[in-house]
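The structure appears below as structure tokens.
Positions are given from 1 along the sequence.
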Amino acid sequence: MSNDLANEFAMQHSNQGSNVMLNTTVSREMEEVKGQIFMAKQFPRNPFDAEKRIIDSCKRRSLASTAMYSYPRGKTNVQGPSIRLAEVLAQNWGNISFGVKELEQRQGESVAMAYAWDVETNTRQEKIFTVPHLRYTKYGTTKLEDPRDIYEMVANNGSRRLRACILGVIPGDIVELAIEECNKTLAGENASPLKDRLSRAFTSFKENFDVTQEMIEDYFGYQSQEFSEKNFSDLIGIFNSLKDGQVKVSEYFEKSTKEKKSKKTIENEFSNQKRDEIEEKTTKSDKVEKPKGSTSVKSKADDNDGPQQEELL
């Protein structure tokens, strides 16, 4: 009887502990969701900037070479955007939460969920699927026992569902534009990304003419993140003019704000120090010469008064 009571008490205590952990997990996830929604409302996406970032990313050959998948099915060839391109689209489109979660692992199988959630527009795609712990090959079926093999199997199956979820929340015209840019890059029609070319240009200006990125941004009037192809073309023209000796650096670029401030601060400190030294010298000379002057005046007055008194007497 006492053993039964002890077992019942232990089960109740275990259930209470698991309930506390469950409540803690749920409350933590709720706070994370609230934080994501708050940040999305505070910093909404700019579709034009997002599109520009996506196009710029698709100009990289390393991405373009893995942007599409292709496999034969019957007498046709199936093609589409790969998971790598889908991840780049989600990252640059912004305010999208996506991933794969393993919900449960049972004997011989795992239950997982792939999801993509546009936090800003509250558009969500999710797919729940079951992954048997089996590897199918042409030589037969192998049961998976190693946790690493099970994890890789779940991740491999989850990536395909994740790709479908991401492509379900991103506008179709953006996906088509990214595929077109990747095809141009593979065909050799696209140059390297503008961000990379600007970085190389800034380095060349610094090494050859001691012109900093800040000085270039001051010349154009805005940050380098806002530069366009036209700005890059103008920058190349300026570089060639400087290289040929047709113009001087000072005709295009002024010293940076930090250098101006430091120079002005040094000049002010020097002028203040000089003024203090002059005032100090003036004060010392006044203290030294003033008693002498008063004494000499008084002595002259006394000398002048002497003869006048004698004549009166």
Side-chain angles (χ1 to χ4, degrees), residues 25-60 62-64 66-68 80-101 113-128 158-185 190-199 202 213-214 216-232 235 257:
T25 304
V26 170
S27 61
R28 184 177 66 251
E29 291 183 354
M30 286 296 296
E31 291 301 322
E32 290 178 358
V33 169
K34 290 179 182 178
Q36 291 176 352
I37 296 174
F38 176 77
M39 294 300 292
K41 297 300 181 183
Q42 291 294 315
F43 303 99
R45 77 170 59 91
N46 186 333
F48 302 103
D49 290 343
E51 181 179 339
K52 181 180 177 182
R53 290 195 300 269
I54 290 172
I55 293 175
D56 212 31
S57 298
C58 292
K59 291 179 179 179
R60 292 190 173 90
S62 59
L63 172 64
T66 59
M68 301 294 292
S82 67
I83 179 59
R84 297 292 165 255
L85 180 60
E87 289 173 345
V88 170
L89 292 174
Q91 292 163 3
N92 290 282
W93 189 245
N95 288 337
I96 292 182
S97 176
F98 60 94
V100 178
K101 291 183 179 180
M113 178 182 69
Y115 67 94
W117 178 29
D118 189 334
V119 187
E120 187 174 331
T121 61
N122 199 25
T123 303
R124 183 179 177 89
Q125 288 271 346
E126 66 177 37
K127 299 183 183 298
I128 298 176
S159 63
R160 294 194 288 271
R161 277 80 173 182
L162 180 61
R163 178 190 64 221
C165 292
I166 293 175
L167 297 178
V169 297
I170 292 186
D173 59 327
I174 299 296
V175 178
E176 293 175 1
L177 182 62
I179 295 173
E180 182 181 353
E181 287 296 322
C182 289
N183 291 334
K184 287 181 180 179
T185 301
N190 270 342
S192 59
L194 179 61
K195 182 172 65 175
D196 296 345
R197 286 178 282 155
L198 285 172
S199 178
F202 293 150
Q213 179 178 341
E214 183 183 1
I216 296 173
E217 291 173 347
D218 290 341
Y219 172 76
F220 284 100
Y222 37 82
Q223 298 294 320
S224 60
Q225 291 84 353
E226 305 297 329
F227 281 14
S228 62
E229 292 286 349
K230 177 65 169 56
N231 298 133
F232 178 74
L235 198 59
T257 307

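Among all heavy-atom pairs drawn from Arg84 and Leu63, the shortest one is O-CD1, 4.2 Å. Taking both residues in full, the closest heavy atoms of Ile166 and Ala90 are given as CG2-CB, 4.0 Å, listed atom of the first, atom of the second, then distance. Taking every heavy atom of both residues into account, Glu120 and Arg45 meet most closely at OE1-N, 3.0 Å. Smallest separation of non-hydrogen atoms from Gln225 and Lys52: O-NZ, 3.8 Å. Across Asn95 and Phe43, no two heavy atoms sit closer than the pair ND2-O, 3.2 Å. The minimum heavy-atom distance linking Ala178 with Leu89 is given by the pair CB-CD2, 3.7 Å.
Taking CD of Glu214 as the start and CD of Gln223 as the end, the distance is 9.0 Å to the nearest 0.5 Å.
Shown here is Phe48, whose CZ atom has no more than 12 heavy atoms of other residues, nucleotides or ligands within 6.0 Å. Within a 6.0 Å sphere centred on CZ of Phe38, other residues, nucleotides and ligands contribute 12 heavy atoms or fewer.
Not a single donor-acceptor pair under 3.5 Å links the side chain of Arg161 to the backbone N or O of Lys127. Of the possible polar contacts, none joining the Gln36 side chain to the Ser97 backbone as a donor-acceptor pair under 3.5 Å is found. Side chain of Thr185 to main chain of Cys58: a donor-acceptor pair is present (N/O by atom type, distance under 3.5 Å, no hydrogens or angles).
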Let me see the working for Asp173 and Glu51 under side-chain contact (heavy atoms from CB on, under 4.5 Å), right down to the final yes or no.
CA-CA 10 Å; Asp173 59 327; Glu51 181 179 339; over 6 Å; no
Val169 and Thr121: side-chain contact (heavy atoms from CB on, under 4.5 Å), yes or no, with the steps?
CA-CA 9 Å; Val169 297; Thr121 61; over 6 Å; no
Met68/Ile179 under side-chain contact (heavy atoms from CB on, under 4.5 Å): CA gap, chis, key distance, verdict:
CA-CA 8 Å; Met68 301 294 292; Ile179 295 173; 3.9 Å; yes
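Side-chain contact, Ser228 with Asn231: a donor N or O sits under 3.5 Å from an acceptor N or O. In summary, the side chains of Gln91 and Glu87 do not present any donor paired with an acceptor at a separation below 3.5 Å, with no hydrogens or angles considered.
Residues Asp56 and Asn92 fail the side-chain proximity criterion, which asks for heavy atoms closer than 4.5 Å. In this structure, the side chains of Asn46 and Arg53 stay at 4.5 Å or more apart for every pair of heavy atoms. In this structure, Ile216 and Ser224 have side chains that are not in contact, with every pair of non-hydrogen atoms separated by 4.5 Å or more. Side-chain contact between Phe202 and Leu235 is present, with at least one heavy-atom pair separated by less than 4.5 Å. Proximity of Arg60 to Val88: side-chain heavy atoms (C-beta onward) are nowhere separated by under 4.5 Å. A heavy-atom distance below 4.5 Å is not found between the side chains of Leu162 and Tyr115.
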